[in-house]
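The structure appears right after this line, and notes come after that.
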Amino acid sequence: MNYALIIAGGSGNRMGQDIPKQFINVYDKPVLIYTLESFQRHPMVDAIDVVCLDGWHDVLRAYANQFNITKLQDVVSGGKSAQESIRNGVFHLETKAKSDDIIIIHDGIRPLVDDTVLTDVIQKARQYGNGVTSLPYNEQIFIVNPEDETTTRQYIPRETLRRVSTPQAYQFERLDSAYHEAFEKGIGIHGSSYTNTMMVELGETLHFAAGSDKNIKLTTKDDLEMFKGYMKMDKDTWLK
């Protein structure tokens, strides 16, 4: 089976709103529901679990019923960090996922999940044991001069870089084992760490899958306005 594990445990303080950003309504629908709909309609996704902020579980289930998210199985409490939230979701799956099942981890505030991206991530995970959404980096990256932080003398060739985000998918047995090891040893779980960076710190080789520039993360009010723009945008028929 292919399980989607949607991470929606954050409070979203940087959005500056009165409710968590994953529950902000855009055109009469919560952001999180747009995300869940992408997994609901995808034929390769069998079930959905959501790691959710405490106090919002019943709200989420009510919205899921309203918008016919029938693949939703369980709602799990989040942790104090993204890694704790993902760990809670992974450990919850120990009661039902088999060793070779694929777990697709995705941010609940990335509502524009392209079907082809999701397909490729799952296929890569089936083939290699993992697959991470990625894109080339198109800007120039310079390293700050430690002697004068307003200057630079060194750059990183952009051809050597890839931007990695979610969705990312992993074989359950390795994913579950990795989270036990990481939290027992304190490896790859601090700061801005995520599953992909943790896996690399634990010695795993990751495999790039397809990505999309539309797969934006809604962190600020400007991101929210960009999402609204994408929702209104009609693709020109002549574009390939």
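What you see is a predicted model, and the numbers here were worked out from it, not measured in a lab. Counting begins at 1 with the first residue of the sequence. Just so it is clear, the values below take in all heavy atoms, side chains as well, and ignore hydrogens, waters and symmetry mates.
Both tests do not hold together for Lys71 against Phe39: distance to the six-membered ring centre under 6.0 Å, angle to the ring axis within 45°.
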**Study point:** Steps toward side-chain contact (heavy atoms from CB on, under 4.5 Å) verdict (Gln168, Met199)
**Key:** CA-CA 12 Å; Gln168 45 193 257; Met199 286 297 207; over 6 Å; no
Exercise for review: Show your reasoning for whether side-chain contact (heavy atoms from CB on, under 4.5 Å) applies to Ile6 and Leu32.
Suggested key: CA-CA 9 Å; Ile6 309 301; Leu32 181 55; 4.0 Å; yes
Point to revise | Val31 vs Lys21, side-chain contact (heavy atoms from CB on, under 4.5 Å): CA-CA, chis, key distance, verdict | key: CA-CA 7 Å; Val31 166; Lys21 54 192 173 185; over 6 Å; no
Exercise for review: Go through the steps to decide whether Leu118 and Ile104 satisfy the test side-chain contact (heavy atoms from CB on, under 4.5 Å), and finish with yes or no.
Suggested key: CA-CA 9 Å; Leu118 191 47; Ile104 310 140; 3.9 Å; yes
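Listed here is the closest heavy atom pair of Thr35 and Pro111: OG1-CA, 3.2 Å. The minimum heavy-atom distance linking Lys124 with Gly131 is given by the pair CB-CA, 3.9 Å. Taking each heavy atom of Leu202 and Ala178 in turn, the nearest pair found is CD1-O, 3.5 Å. The heavy-atom pair separating Tyr170 from Ala125 by the smallest distance is N-CB, 4.3 Å. The shortest non-hydrogen separation linking Ile103 to Ala97 is CD1-CB, 4.4 Å. Shown here for Leu5 and Val51, the closest heavy-atom pair between the two residues is CD1-CG2, 3.9 Å.
Checked for salt-bridge contact, Lys96 and Asp101 miss the test: no charged N lies under 4.0 Å from a carboxylate O.
Side-chain contact between Val76 and Phe91 is absent, with no heavy-atom pair separated by less than 4.5 Å. Residues Val90 and Phe172 have side chains in contact (heavy-atom distance under 4.5 Å, counting atoms from C-beta outward). For the pair Ser134 and Arg163, the minimum side-chain heavy-atom distance is 4.5 Å or more. Residues Glu37 and Ile69 form a side-chain contact, since some pair of their non-hydrogen atoms from C-beta on lies under 4.5 Å apart. For the pair Phe23/Leu60, a side-chain contact is recorded, criterion being any heavy-atom separation below 4.5 Å from C-beta on. Side-chain contact check for Cys52 versus His57: some heavy-atom pair is nearer than 4.5 Å.
When the shell of 6.0 Å around NZ of Lys29 is examined, it contains more than 12 heavy atoms from other residues, nucleotides or ligands. More than 12 heavy atoms of other residues, nucleotides or ligands shown are found within 6.0 angstrom of OH on Tyr27. Residue-environment remark: CG (Asp148) exceeds the threshold of 12 foreign heavy atoms within 6.0 Å. Within 6.0 Å of atom CD in Glu139, 12 or fewer heavy atoms from other residues, nucleotides or ligands are found, so the atom counts as exposed in its surroundings.
Atom CD1 of Ile102 is separated from atom CZ of Arg126 by 4.5 Å, given to the nearest 0.5 angstrom. Atom-to-atom distance recorded for Asn130:CG and Arg174:CZ is 9.5 Å, nearest 0.5 angstrom. Between the CD atom of Glu173 and the NZ atom of Lys98 there is a distance of 13.5 Å, given to the nearest 0.5 Å. Atom CD of Gln40 and atom CG of Asn68 lie 6.5 Å apart (nearest 0.5 Å). Interatomic distance, CG of Leu161 versus CD of Gln140, reported as 10.0 Å (0.5 Å rounding). With values rounded to the nearest 0.5 angstrom, Asp223 atom CG is found 12.0 Å from Lys221 atom NZ.
Considering only residues two or more places apart in sequence or on other chains, His207 meets the ring-ring contact (aromatic ring centres under 6.0 Å, His included) condition with Tyr128.
A continuous path of ILVMFWY side-chain contacts below 4.5 Å connects Val164 to Ile7, so both sit in one hydrophobic cluster. Follow the hydrophobic side-chain contacts under 4.5 Å out from Tyr63 and you reach Met231 in the same cluster. Hydrophobic clustering of Ile, Leu, Val, Met, Phe, Trp and Tyr side chains at less than 4.5 Å, counting indirect connections, unites Val132 with Leu175. No continuous path of ILVMFWY side-chain contacts below 4.5 Å connects Leu72 to Ile86, so the two sit in separate hydrophobic clusters. Tracing side-chain contacts under 4.5 Å through hydrophobic residues (I, L, V, M, F, W, Y), one never reaches Ile122 starting from Leu93; they form parts of separate clusters.
Within the 3.5 Å criterion, the main-chain N or O of Asn145 finds no donor-acceptor partner in the side chain of Thr152. Judged by distance alone, the side chain of Thr133 and the main-chain N or O of Pro167 form a donor-acceptor pair under 3.5 Å. A side-chain donor-acceptor contact under 3.5 Å links Asn2 to the backbone of Met44. The closest donor-acceptor contact from the side chain of Arg110 to the backbone of Asn215 lies under 3.5 Å. Within the 3.5 Å criterion, the main-chain N or O of Asn138 finds a donor-acceptor partner in the side chain of Arg158. For the pair Glu149 (side chain) and Val144 (backbone), a donor-acceptor distance under 3.5 Å is absent. Asp49 places a side-chain N or O within 3.5 Å of a backbone atom of Asp74 that can act as its donor or acceptor partner. Of the possible polar contacts, none joining the Asp120 side chain to the Phe208 backbone as a donor-acceptor pair under 3.5 Å is found. Remark: the backbone N or O of Gly188 is paired with a side-chain donor or acceptor of Gln83 at under 3.5 angstrom. Formation of a donor-acceptor pair under 3.5 Å by the Gln73 side chain with backbone atoms of Ala47 is not found in this model.
Taking the six-membered ring for Trp and the full ring otherwise, the centers of Tyr34 and Phe227 sit less than 6.0 Å from each other.
Ser165 and Tyr194 form no side-chain donor-acceptor contact under 3.5 Å, judged by distance and modelled atom types alone.
Applying side chain to side chain contact (heavy atoms under 4.5 Å, CB included) to Asp222 and the options Thr220, Leu224, Leu218 leaves one that passes, Thr220.
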